[in-house]
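Below is one structure; the comments refer to it alone.
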Amino acid sequence: MRVLVIVTHPNIENSTVNKVWVKELKKHSNVTIHELYKQYSDEIIDIEKEQKLCEEHDRIVLQFPFYWYSSPPLLKKWQDEVLTYGWAYGSEGNKLHNKDLILAVTSGSTKERYQAGGRNQYSMSELLKPFQATSNLIGTTFLPSFIFHGTYHATTEEIEENAKEYANYILSRDILE
């Protein structure tokens, strides 16, 4: 199984978790790391290249820090430009059908803040529903997200252990909902 990890972190060098995740994933030969902000610092996306990259992989992982209850802006732009009618959806848009889609999300806040009655009032699952709706439209199998809560207070050891769990998770053939 070939896994494409689309990393969308606007400042990965200063990241506490995402850069450790990337470092861990680079140890796996069947994982392609694709860093959008490094690839497209000018934010001009090569649509054909991106579509071909998606077609070449069995599982697509969207990795990003949670920004204002969504993803960083370049990932939204990537979705708008790459997931085109006739390619990703529509009567002949089937290029992503039967591929897996996983979200790998980091959040500075604790898990308790993402629930009914918590500071953010909604669960992370609820807040990520637009990605699931997109997955439904483009014909991918939406697998459970891998979420790291509490990046602001995590220790180096916790982050490194989590990175190994993350790699095992996205490479697993047996992800159950």
Is a donor from one side chain sitting under 3.5 angstrom from an acceptor on the other, for [X] and [Y]?
X: Trp21; Y: Gln63; result: no
X: Glu126; Y: Ser123; result: yes
X: Lys129; Y: Gln132; result: yes
X: Thr151; Y: Thr106; result: no
X: Glu35; Y: His9; result: no

Side-chain touch [X]/[Y], heavy atoms, less than 4.5 angstrom:
X: Ile60; Y: Cys54; answer: yes
X: Leu36; Y: Val7; answer: no
X: Pro130; Y: Tyr69; answer: no
X: Leu96; Y: Leu101; answer: no
X: Leu137; Y: Thr134; answer: no

*asked:* By the definition side chain to side chain donor-acceptor pair (under 3.5 Å), identify the one residue from Glu56, Glu48, Glu55 that meets it with Lys52.
replied: Glu56
Please answer whether the main-chain N or O of [Y] pairs with a side-chain N or O of [X] as donor and acceptor at a distance below 3.5 Å.
X: Glu158; Y: Thr155; value: yes
X: Asp58; Y: Arg2; value: yes
X: Ser71; Y: Leu75; value: no
X: His57; Y: Arg59; value: no
X: Asn94; Y: His97; value: no
X: Ser135; Y: Thr140; value: yes
X: Lys19; Y: Glu13; value: yes

For residues [X] and [Y], report the shortest heavy-atom separation together with the two atoms involved.
X: Glu24; Y: Ala163; value: CG-O, 3.5 Å
X: Pro72; Y: Pro65; value: CD-O, 3.5 Å
X: Val3; Y: Ile170; value: CG2-O, 3.9 Å
X: Val82; Y: Trp87; value: O-CE3, 3.4 Å
X: Ser172; Y: Met1; value: O-CE, 4.0 Å

Transitive ILVMFWY side-chain link [X] to [Y], under 4.5 Å:
X: Tyr40; Y: Tyr67; answer: no
X: Phe64; Y: Trp68; answer: no
X: Phe146; Y: Leu171; answer: yes
X: Leu53; Y: Tyr37; answer: yes

*State which residues pass side-chain hydrogen bond (donor to acceptor under 3.5 Å, both in side chains) with Thr84; sequence neighbours excluded, sorted by chain then number.*
Gln51
*What pairs with Asn98 under side-chain hydrogen bond (donor to acceptor under 3.5 Å, both in side chains), at least two apart in sequence or on another chain?*
none
Let me confirm one number: the [atom1]-[atom2] distance from [X] to [Y], rounded to the nearest 0.5 Å.
X: Asn162; Y: Glu157; atom1: CG; atom2: CD; result: 13.0 Å
X: Ile6; Y: Leu62; atom1: CD1; atom2: CG; result: 5.5 Å
X: Leu4; Y: Ile102; atom1: CG; atom2: CD1; result: 11.5 Å
X: Leu74; Y: Glu81; atom1: CG; atom2: CD; result: 9.0 Å
X: Leu127; Y: Ser107; atom1: CG; atom2: OG; result: 9.5 Å
X: Lys99; Y: Ile138; atom1: NZ; atom2: CD1; result: 10.5 Å

*Are more than 12 heavy atoms from other residues, nucleotides or ligands located less than 6.0 Å from atom NZ of Lys95?*
no
*asked:* Is it the case that the ring center of Phe66 lies less than 6.0 angstrom away from the ring center of Phe148?
replied: no
*So Trp78 and Thr8, side chain to side chain contact (heavy atoms under 4.5 Å, CB included) or not? Walk me through it.*
CA-CA 10 Å; Trp78 183 93; Thr8 314; over 6 Å; no
_Tyr166 and Leu25: CA distance, side-chain angles, deciding distance, side chain to side chain contact (heavy atoms under 4.5 Å, CB included) verdict_ = CA-CA 9 Å; Tyr166 171 48; Leu25 293 177; 3.5 Å; yes
